[in-house]
Amino acid sequence: MTRDKDTANRDEARARQAKGSVQEAIGKIIGNAAIERRGSQESEAGARQAKADQSTKAERPSPAKADTQIDTPIDRDGKD
């Protein structure tokens, strides 16, 4: 089973955001402003990454469908 590249990017962005949120909470609990700030930055970076991935996915054209129908000659008289 293979994973789509978009899914992997989205999962990476979510993981980064979650990691930052946990790091921020730990910084608050232990009273360390530097860790809290670093966690906040990591969480925001993950959110930006997820948003960028979502916007690039929206910009991609969907698989092309035939805009015009191809006319094929019909051999009604057996001549071609």
Side-chain angles (χ1 to χ4, degrees):
M1 185 164 131
T2 60
R3 292 182 47 159
D4 188 85
K5 185 178 177 185
D6 293 334
T7 304
N9 287 342
R10 185 176 55 234
D11 290 347
E12 181 183 328
R14 287 182 183 166
R16 187 174 184 186
Q17 193 171 7
K19 175 186 169 190
S21 295
V22 169
Q23 198 173 22
E24 184 178 1
I26 290 172
K28 284 181 183 179
I29 290 169
I30 63 174
N32 189 326
I35 292 176
E36 185 179 344
R37 189 171 43 255
R38 196 174 324 131
S40 177
Q41 291 170 346
E42 184 74 20
S43 181
E44 290 171 5
R48 284 191 308 270
Q49 182 180 356
K51 187 175 180 179
D53 182 49
Q54 186 178 17
S55 67
T56 58
K57 184 178 179 183
E59 290 174 3
R60 278 190 221 141
S62 60
K65 292 184 179 180
D67 291 336
T68 59
Q69 187 171 351
I70 300 172
D71 292 329
T72 55
I74 299 174
D75 186 16
R76 295 180 191 236
D77 299 327
K79 301 174 190 172
D80 217 7

*Asks:* Rounded to the nearest 0.5 Å, how far does CD of Glu44 lie from NZ of Lys51?
*Replies:* 12.5 Å

*Asks:* Counting distance only, does the side-chain N/O of Ser43 pair as donor-acceptor with the main-chain N or O of Gly39 below 3.5 Å?
*Replies:* no

*Asks:* Sequence neighbours excluded, which residues qualify as side chain to side chain contact (heavy atoms under 4.5 Å, CB included) partners of Ile29?
*Replies:* none

*Asks:* Say you draw a straight line from CG of Asp53 to CZ of Arg48; how long is it, rounded to the nearest 0.5 Å?
*Replies:*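 So the CG of Asp53 and the CZ of Arg48 are separated by 14.5 Å.
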
*Asks:* Would you please name every residue forming a side chain to side chain donor-acceptor pair (under 3.5 Å) with Gln49, sequence neighbours left out?
*Replies:*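 With neighbours one apart ignored, the set is Glu12, Arg16.
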
*Asks:* First locate atom CD1 of Ile35, then atom CD1 of Ile26, and finally report the distance between them rounded to the nearest 0.5 Å.
*Replies:*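 Rounded to the nearest 0.5 Å, the CD1-CD1 separation comes out at 8.0 Å.
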
*Asks:* Kindly state each residue pair satisfying salt bridge (charged side-chain N to carboxylate O under 4.0 Å, His left out) with at least one member in residues 18-37, sequence neighbours excluded.
*Replies:*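 For residues 18-37: none.
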
*Asks:* Could you go through Glu42 and Arg38, starting from their C-alpha distance and side-chain angles, then the distance that decides it, and tell me whether this counts as side-chain contact (heavy atoms from CB on, under 4.5 Å)?
*Replies:* CA-CA 6 Å; Glu42 184 74 20; Arg38 196 174 324 131; 5.9 Å; no

